[in-house]
Amino acid sequence: MPVLIKAPVLLNEQVGPGIFLMKVHAPAVTAECKPGQFVHVRTTSERDPLLRRPFSIYRKEKDAGNLQLLYEIRGKGTSLMAGIRAGENLDLMGPLGRGWNLDRKPGTVIVIGGGMGTASLLALVEEFCSRKGFKIRAFLGFREKKLVIGAEIFARAGAEVTIATDDGSCGYRGPITDLLPRSVRGTGPFYIYACGPQAMLRRVAEFCELEGIVGEVSLDHRMACGTGACLGCSCRVKKKDSWTYSRTCVEGPVFTTSEVLWDG
Amino acid sequence: MANCSRLGVMLAGIKLKNPVIAASGTYGFGEEYAPFLDLKCLGAITLKGVTLAPRKGNKPPRIVETPAGLLNSIGLENPGVEEVTRAILPRAAKLNVPLIVNIAGETVEEYAEVAARLEGKFGVAALEVNISCPNVEKGCLSFGSDPKAASEVILAVKENTSFPVITKLSPNAGNIVSVAMSVAEAGTDAISLINTVKGMSINVRKRCPELGNITGGLSGPAIKPIAVCMTWEVAREVKNVPLIGMGGIMCAEDALEFILAGASAVEVGTGNFVNPRVTLEIIEGLENYCMEQGVKNITELVGAAWKEG
Ligand SMILES: Cc1cc2nc3c(=O)[nH]c(=O)nc-3n(C[C@H](O)[C@H](O)[C@H](O)COP(=O)(O)OP(=O)(O)OC[C@H]3O[C@@H](n4cnc5c(N)ncnc54)[C@H](O)[C@@H]3O)c2cc1C
Ligand SMILES: Cc1cc2nc3c(=O)[nH]c(=O)nc-3n(C[C@H](O)[C@H](O)[C@H](O)COP(=O)(O)O)c2cc1C
Ligand code: FES
């Protein structure tokens, strides 16, 4: 069950240009949360910005009951968040949403992250690394070298990391999806997990279709309630011969590549 | 809640523990908020708007934030009255809180039919007739902006239900007071106001409207002064029908403004998104206010701002 708490902030520090790492003490959340779920954060006690902001659970320190968020300053809410100091409280609800599918037989796990989308994948990598018989490869894409955050943490967790940047300032130059291994069918169980900009997720979905596998993607939609009550976060998913709207905050943010309908 | 007797109210024949009600469309079918508070403490819960046939709702994006406000264009997405009576109401009835079912339609006959299908259903305390949704193309608001059409809807619904009928009015009606007078005449048991205020927002980078539906309805603190004013105006003209005020209520003081303007109860919508426990905090705040001010029952405060002025 999700909770609504004021979590003491233990640390909130800049780890890259406009990118922050926040650690809060939230045992009620860490006891329950799964990789791919998110928390809904109130960034101010004032009325502007009014709504909460969703953030992936970047990492959980289960024994200490601490939760880490990795976030990028985008607008008003995230700017205010960056100003919160250790010792203050963070008003948050969570864990929310459906996380990544963890019910897997030993095999190869491929995670594909774009920009801040990587924040949703580290906990997943750590989970599979703690199990026997999984080979984990992380394909991480960023705009430029300065924004390559967390690559060494993925490596330390046990993933084989490949990097791409839009401008070529680090690793391959171009979309990270160019680097995905081809013809993987028949090479044993193979799982795809992706989070990042819509264009990237779409390419991942196309890749999965070509390879004849079903991957998982985490969608980023604006949210109001975060708990399924307002129907503000709907996205289109296939249903039998037709389609239906599905709530990103409850039925997602993780969907399978075979169910998402890509608009536009 | 320590002492609820100060806050107990009778509204359109329904007994409410307190005058704080969750607003339609912001509280799902109730259970979505169960992890965060004891729903039994609420005066009532108004369910998401229900129509005769299922509705998919509008194209995303459906929400965008504006200063101290929220624009939405959900478009009455709901599974239709059949599914609601079959699967949802029996579950919601177990929440042990009075349920108000919000209904909408494209024609007078549709409103009447939805009311008929809900007749006698266990757990339902009242119907709230939404003639004020700005996000659907047909019906709804066109009834809410025309006093005569509004009264036809209410007459038809009244004929098909034995539940108390609350009519929900729109701030976008040309003259909300004349619509209120007309539905009062048609026999509505209560009036709730206001639904969202039609609005839009444009993304200057993409040079396009923020909402997939182009326009939406504004809610939240940004609309509170409009809502308080409309509550005041309707209260002064329609004295024999109780009012439920809403629009931007975020705390007990906000709720008190509506009550002092003439509302017997309040609904809280967008505030739940910001703070899922806001309703409980409002109830506690009202309780404390009554205690401090020596008010024996909150009903004493209804319209107190104009009665004394
Ligand atoms: C399930 C989920 C998990 C997320 N996890 C993370 C995370 O771990 N780290 C992180 O940095 N961010 C994450 N995000 C995105 C984050 O919620 C937004 O960046 C944040 O809400 C922006 O708030 P703001 O007030 O700073 O910006 P605003 O002032 O609200 O917006 C600034 C700009 O960003 C756009 N924008 C705002 N919200 C979104 C959104 N949800 N999707 C796309 N564009 C948006 C606006 O249109 C505007 O152009 C996640 C989003 C979702 C839905
Ligand atoms: C996301 C959302 C969905 C709504 N859906 C409905 C609805 O289905 N029926 C209805 O009568 N009003 C609906 N409303 C209007 C609210 O019930 C309420 O009248 C309005 O939001 C003003 O109150 P607030 O400022 O407290 O939110 C909706 C409002 C929001 C924000
Ligand atoms: S954000 Fe309200 S239903 Fe998803």
Side-chain angles (χ1 to χ4, degrees), chain A residues 1-6 28-29 32 40-54 74-77 91-96 198 219-237 239 242-250 252 260-264, chain B residues 22-37 45 47-49 54-79 210-212 216 219-222 224 248 250-251 254 269-278 280:
Chain A
M1 285 264 270
V3 291
L4 174 69
I5 52 168
K6 292 211 164 49
V29 178
E32 294 250 335
H40 214 22
V41 173
R42 190 168 174 192
T43 61
T44 171
S45 53
E46 301 298 321
R47 286 160 187 200
D48 189 34
L50 185 64
L51 299 174
R52 288 171 181 267
R53 302 289 191 256
R74 286 285 292 275
K76 270 192 220 159
D91 182 334
L92 64 85
M93 295 161 73
L96 299 170
Q198 170 122 350
L219 301 184
D220 178 356
H221 267 271
R222 293 182 199 151
M223 290 180 181
C225 72
T227 187
C230 74
L231 310 179
C233 62
S234 296
C235 62
R236 288 200 318 144
V237 299
K239 187 185 174 190
S242 177
W243 60 273
T244 178
Y245 281 121
S246 207
R247 297 167 299 181
T248 309
C249 69
V250 176
V260 176
L261 279 166
W262 305 95
D263 290 300
Chain B
S24 178
T26 67
Y27 227 68
F29 292 106
E31 52 198 5
E32 289 83 353
Y33 277 98
F36 306 107
L37 70 159
I45 294 177
L47 306 183
K48 174 68 192 167
R55 283 182 64 97
K56 278 193 162 146
N58 288 332
K59 185 172 153 214
R62 293 176 170 185
I63 47 173
V64 62
E65 197 178 314
T66 60
L70 167 66
L71 268 174
N72 90 78
S73 61
I74 309 299
L76 283 180
E77 175 180 341
N78 79 94
E210 287 276 11
L211 295 175
S219 63
K224 195 187 73 177
M250 303 286 287
C251 61
D254 294 341
T270 304
N272 298 300
F273 304 158
V274 181
N275 173 9
R277 294 172 61 84
V278 72
L280 294 192

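Side chains included, hydrogens not; waters and symmetry mates left out as well; all remaining heavy atoms used. Chain identifiers are assigned alphabetically (A, B, ...) following the order of the sequence lines, protein sequences preceding nucleic acid strands; residue numbering begins at 1 within each chain.
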**Asked** Of the backbone (N, CA, C, O) and the side chain (C-beta and beyond), which part of Ser242(A) lies under 4.5 Å from a heavy atom of chain B, both, or neither?
**Response** side chain
**Fill in**
With Leu50(A) as partner, the option from Pro67(B), Pro221(B), Ser219(B) fulfilling side-chain contact (heavy atoms from CB on, under 4.5 Å) is Pro221(B)
**Complete:** When the 4.5 angstrom heavy-atom criterion is applied to Lys59(B) and chain A, the contacting part is both
**Request:** May I ask you to list the residues in residues 24-32 of chain B that approach chain A closer than 4.5 angstrom, counting heavy atoms only, ordered by number?
**Result:** Gly25(B), Thr26(B), Tyr27(B), Gly28(B), Glu32(B)
**Prompt:** Is it true that a side-chain atom of Arg42(A) and a backbone atom of Asn275(B) form a donor plus acceptor pair closer than 3.5 Å?
**Reply:** no
**Request:** Using a cut-off of under 4.5 Å on heavy-atom pairs, state which of Ala222(B), Ala68(B), Gly269(B) scores highest against chain A.
**Result:** Ala68(B)
**Prompt:** Under the side chain to side chain donor-acceptor pair (under 3.5 Å) test, which residues partner Lys76(A), sequence neighbours left out?
**Reply:** Asp48(A)
**Prompt:** Arg52(A): what forms a side chain to side chain donor-acceptor pair (under 3.5 Å) with it, not counting sequence neighbours?
**Reply:** Asp91(A)
**Asked** Taking 4.0 angstrom as the limit, do Arg53(A) and Glu65(B) come out as a salt bridge?
**Response** yes
**Prompt:** Given that the side chain runs from C-beta out, which part of Ser73(B) has a heavy atom under 4.5 Å from chain A: side chain, backbone, both or neither?
**Reply:** neither
**Spatial distance of atom CG (Asn72(B)) from atom SG (Cys230(A)) [nearest 0.5 Å]** = 8.0 Å
**Prompt:** Which value, rounded to the nearest 0.5 Å, describes the distance between Leu231(A) atom CG and Lys56(B) atom NZ?
**Reply:** 14.5 Å
**Fill in**
Taking every heavy atom of Thr227(A) against every heavy atom of Phe36(B), the minimum-distance pair comes out as OG1-CE1, 3.7 Å
**Request:** Calculate, to the nearest 0.5 Å, the distance between atoms OG and CD1 belonging to Ser234(A) and Ile74(B) respectively.
**Result:** 6.5 Å
**Shortest non-hydrogen contact between Ala224(A) and Leu70(B), atoms and distance** = CB-CD2, 4.4 Å
**Prompt:** Between Gly271(B), Pro35(B), Ala34(B), which shows the greatest number of heavy-atom pairs under 4.5 Å with chain A?
**Reply:** Pro35(B)
**Message:** List the residues meeting side-chain contact (heavy atoms from CB on, under 4.5 Å) with Pro61(B), not counting sequence neighbours, and say none if there are none.
**Reply:** Arg222(A)
